[in-house]
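These notes concern the structure reproduced below.
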Amino acid sequence: MTAAPLLAALLRAALPGLRALDLGLPEPALFPWLPGTSCGVADAEALPPAEAALLRRFRHADGRPLVGFDRAADAALLAGASVAWDDAPERLIRFAAAPPRGLSADTLLLAPPDAEAVAGAPKARLLLLLGAGDTVERHDLLVPPPRLDAIHAALRGAAEALAGAAGGRWSARSLAVAADMASVALLPDDAQAFRPPLSILAEALVHDLPTRAGPDGLDLSDVRQVRLLLGTAPARLRVFVRGDASGAALFGDGRRLPATLAEHPTGESCLEAGPWPPGTGAAVLGLAAPASARLVLTRLELLP
């Protein structure tokens, strides 16, 4: 079990208007749980050739390649160019190993515990301690020192609100450790305390087709298959489509997923599958169907 859904919920509640970039593939933490998060790799050249070739095929919902595969676009994003971030008032970059270069001084950073200091402007450190089943995950949020108190207060308030909404099944704590360090803890009292599904509309999915999804979904009429980048392997998932789904098949990282088909009250067909096959790397969901099915993919539900 991972605390990624809880981490995403905490940041979303504390930082209105947040847009994030997760450079943690093949093991992201914010993507896809934090809506609107872009994803990619810190060093595409270091990837095994087969993995790099696979990831290079994917596009974000707006048609952009994954970060790490377009140097010009990546430079604008890391430098904090407003147009690259859709004028988001709050920007956060998560890295899993060495911090990227060329970062804007006001960008928030989410780092592994005790990650190396980022070159350039100094950062204060907020320790986020989150329950994940029987363990506690730690993520370090690096912020400009003048903003430490305000962001700490926002995270403390968000943690207390989430704990309150859970009806006493969570514990929220915070501590000012030093002038440049503070902590916020959000600890569910049992492993089942935070397991809501994540619903992702088709127009927000990262996929490998040249066409883009519209408000009505991703049209699969002219293709036999599509691959969707999930990033984190879900425990179970539901795929919602319109059209004849009787001949459709689901694949998890290339392996067939047993799935049940049912009609949904919305008029969609729902393919439900699980568990995800064990393995490593960024989770990729495949959906295949005969051309005659004329499927339209409308949304996914991921269950952590």
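The structure displayed is predicted, hence computed values, not measured ones. All residue numbers in this chain count up from 1 along the given sequence.
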Same apolar cluster (I L V M F W Y, side chains within < 4.5 Å links), [X]/[Y]:
{"X": "L250", "Y": "I200", "value": "yes"}
{"X": "F251", "Y": "L230", "value": "no"}
{"X": "L25", "Y": "F95", "value": "no"}
{"X": "V284", "Y": "L271", "value": "no"}
{"X": "L130", "Y": "L141", "value": "yes"}

Side-chain heavy-atom pair [X], [Y] within 4.5 angstrom cut-off:
{"X": "L7", "Y": "H139", "value": "yes"}
{"X": "L108", "Y": "P144", "value": "yes"}
{"X": "L220", "Y": "L297", "value": "yes"}

Salt bridge between [X] and [Y], side-chain N to carboxylate O under 4.0 Å?
{"X": "E90", "Y": "R19", "answer": "no"}
{"X": "R294", "Y": "D244", "answer": "no"}
{"X": "R299", "Y": "E268", "answer": "yes"}

Query raised in the report: For atom CZ of R12, is the number of surrounding heavy atoms from other residues, nucleotides or ligands below 6.0 Å larger than 12?
Result: no

Requested in this report: Determine whether more than 12 heavy atoms belonging to other residues, nucleotides or ligands lie under 6.0 Å from atom CG of D62.
Outcome: yes

Query - Side-chain cluster (under 4.5 Å, hydrophobic types only) that V136 belongs to, other residues - result: L129, L187

Of all the heavy-atom pairs spanning [X] and [Y], show the shortest one and how long it is.
{"X": "A20", "Y": "L34", "result": "CB-CD2, 3.7 Å"}
{"X": "L257", "Y": "A273", "result": "CB-CB, 4.0 Å"}
{"X": "E203", "Y": "G214", "result": "CB-O, 3.8 Å"}
{"X": "A96", "Y": "P112", "result": "O-CG, 3.4 Å"}
{"X": "H152", "Y": "S183", "result": "NE2-O, 3.0 Å"}
{"X": "A283", "Y": "W276", "result": "CB-CZ2, 3.8 Å"}

Requested in this report: Mind running side chain to side chain contact (heavy atoms under 4.5 Å, CB included) on S269 and L261 for me, showing each step along the way?
Outcome: CA-CA 7 Å; S269 295; L261 176 63; 3.9 Å; yes

Query - Qualifying salt bridge (Lys or Arg N to Asp or Glu O under 4.0 Å) pairs, either residue in residues 41-57, two or more places apart - result: E45-R71, R57-D208

Report task. Would you please say whether a donor-acceptor pair under 3.5 Å links the side chains of R238 and S199? Result -> no

Report task. Identify the residue among L229, L21, V67 that makes a side-chain contact (heavy atoms from CB on, under 4.5 Å) with C39. Result -> L229

Requested in this report: Please determine which of L205, V226, V296 meets the side-chain contact (heavy atoms from CB on, under 4.5 Å) test together with L218.
Outcome: V226

Under a 3.5 Å distance rule, please check whether [X] uses its side chain to pair with a backbone N or O of [Y] as donor and acceptor.
{"X": "W170", "Y": "L162", "result": "no"}
{"X": "R242", "Y": "D216", "result": "yes"}
{"X": "T298", "Y": "F240", "result": "yes"}
{"X": "D140", "Y": "L127", "result": "no"}
{"X": "E137", "Y": "A3", "result": "yes"}
{"X": "D74", "Y": "G68", "result": "yes"}
{"X": "R255", "Y": "P278", "result": "yes"}

Report task. Give a yes or no on whether the ring-centroid distance for F58 and H207 is below 6.0 angstrom. Result -> no

Query - Stepwise side chain to side chain contact (heavy atoms under 4.5 Å, CB included) check, R59 with R64 - result: CA-CA 5 Å; R59 293 290 184 272; R64 292 178 297 113; 5.9 Å; no

Query raised in the report: Stepwise, does the side chain to side chain contact (heavy atoms under 4.5 Å, CB included) test hold for L285 with L237?
Result: CA-CA 10 Å; L285 172 67; L237 62 88; 4.2 Å; yes

Requested in this report: Could you go through the side chain to side chain contact (heavy atoms under 4.5 Å, CB included) check for F31 and V206 one step at a time?
Outcome: CA-CA 10 Å; F31 174 84; V206 176; 3.8 Å; yes

